[in-house]
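Structure record follows, encoded as structure tokens.
In each ligand, atom 1 is the first atom listed, and ligand 1 is the first ligand listed.
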Amino acid sequence: MDGFLLVLSGPTAAGKGTLVKELLKRRDDIVLSISVTTRYKRENEQDSVDYFFKTKEEFQDLIKNNKLLEYANVHGNYYGTPKQFVEEKIKEGKIVLLEIDVQGGSQVRENFEDDALSIFVLPPKKVDIEKRLRHRGTESEENIKTRLETAEKELEQIKYYDYYLINDYVDKATDRLEEIIEEERERRSKL
Ligand code: 5GP
């Protein structure tokens, strides 16, 4: 049986990264799609591990050559999902995890309808978004402002997602995520 796409979106600093790490540690039927981006590389990031870091020209070529499954401009930078990796893994029966923004989420829902499960991840309190963002210490003041404005807009998109998940404690949130995945596997096995 083919696998499916698992889309995780949510406002900046909702703790998606920690959730993803925990989920991947627990399961070998899930693979993470590494995105391509034109954003600057943060000090703690590694090329080809966190992202494939590209120039704008390289990114434009990927679009032109139809190599991206979806892409979007987020906070002034481009981000996209390499198509080939996703298609191969789905055929192998894997669940492919896409940690992407709401614009990308909407493109995936449109193009993959029945083959995508979408989950919106939220921090327990709205003010946590700003707190976590500042605590991370990776962004400039200007950048924090843009990210908070984007977060407000992203929250409006929650209604289009199949599930929302409150990321209060990472273990608890990962347990719930696994339950959702199992429910989806079960549903798909009956189709
Ligand atoms: P960050 O710069 O904090 O790593 O990511 C900023 C935003 O871009 C996050 O909301 C993240 O989910 C989103 N993002 C990362 N990769 C992709 C991608 O391949 N496609 C889209 N549409 N958004 C992405």
Given that the side chain starts at C-beta and the backbone is N, CA, C, O, which of these parts of R147 lies under 4.0 Å from ligand 1, counting heavy atoms, or is it both or neither?
side chain
For F59, the ring pair (Phe, Tyr, Trp, His ring centres under 6.0 Å) test, sequence neighbours excluded, returns Y78
Ligand 1 atoms in contact with G104 (distance to a heavy atom under 4.0 Å)
22 (N)
Check whether any N or O atom of Y79, backbone or side chain, sits under 3.5 Å from an N or O atom of ligand 1, and answer yes or no.
yes
Atoms of ligand 1, numbered as shown, that sit under 4.0 Å from any heavy atom of A72
22 (N)
Would S35 count as a polar contact of ligand 1, with the cut-off being nitrogen or oxygen pairs under 3.5 Å?
yes
For R42, which part has a heavy atom under 4.0 Å from ligand 1: side chain, backbone, both, or neither?
side chain
At under 4.0 Å between heavy atoms, is it the side chain or the backbone of R39 that contacts ligand 1, or both, or neither?
side chain
Any side-chain heavy atom of L5 sitting closer than 4.5 Å to one from D115?
no
Starting from atom 4 (O) of ligand 1, which protein heavy atom do you reach first, and at what distance in Å?
Y51 OH, 2.5 Å
Is Y71 in polar range of ligand 1, meaning some N or O pair under 3.5 Å apart?
no
Decide yes or no on side chain to side chain contact (heavy atoms under 4.5 Å, CB included) for V36 and K67, but give the supporting numbers first.
CA-CA 11 Å; V36 182; K67 300 278 189 208; over 6 Å; no
Can the positive tip of R109 be found less than 6.0 Å from the middle of the six-membered ring of Y161, inside 45° of the ring normal?
yes
Among all the protein's non-hydrogen atoms, which is closest to atom 13 (C) of ligand 1, and how far away is it?
D101 N, 3.7 Å
Are more than 12 heavy atoms from other residues, nucleotides or ligands located less than 6.0 Å from atom CD of E182?
yes
Report yes if some heavy atom in the side chain of V102 is under 4.5 Å from a heavy atom in the side chain of F120; otherwise report no.
yes
Are any of the N/O atoms on V36, whether in the backbone or the side chain, positioned under 3.5 angstrom from an N/O atom of ligand 1?
no
Taking only heavy atoms of T81 into account, list the atoms of ligand 1 that are under 4.0 Å away from them.
19 (O)
Test side-chain contact (heavy atoms from CB on, under 4.5 Å) applied to I119 and L6, D162, L19, the passing residue
L6
For atom 11 (C) of ligand 1, which protein heavy atom lies nearest, and how many Å away is it?
E99 OE2, 3.5 Å
Give a yes or no answer on whether the side chain of K94 reaches the backbone of D28 with a donor-acceptor pair at less than 3.5 Å.
yes
Taking distance alone, no hydrogens or angles, what donor-acceptor pairs closer than 3.5 Å link side-chain atoms of residues 148-157 to residues at least two apart or in another chain?
unit_1 : atom_1 : unit_2 : atom_2 : d
T150   : OG1    : H75    : ND1    : 3.3
T150   : OG1    : T146   : O      : 2.8
E152   : OE2    : K126   : NZ     : 3.1

Is it the side chain, the backbone, both or neither of E154 that has a heavy atom closer than 4.0 Å to ligand 1?
neither
Do Y71 and I63 have side chains that get closer than 4.5 Å, going by heavy atoms?
yes
Of all the non-hydrogen atoms in the protein, which one sits nearest to atom 7 (C) of ligand 1, and at what distance?
V74 CG1, 3.9 Å
For the pair K16 (side chain) and G10 (backbone), establish whether a donor and an acceptor sit closer than 3.5 Å, ignoring hydrogens and angles.
yes
Does K16 approach ligand 1 within less than 4.0 angstrom via side chain, backbone, both or neither, non-hydrogen atoms only?
side chain
Considering only the protein, which heavy-atom contact is closest to atom 20 (N) of ligand 1, and what is its distance?
E70 OE2, 2.8 Å
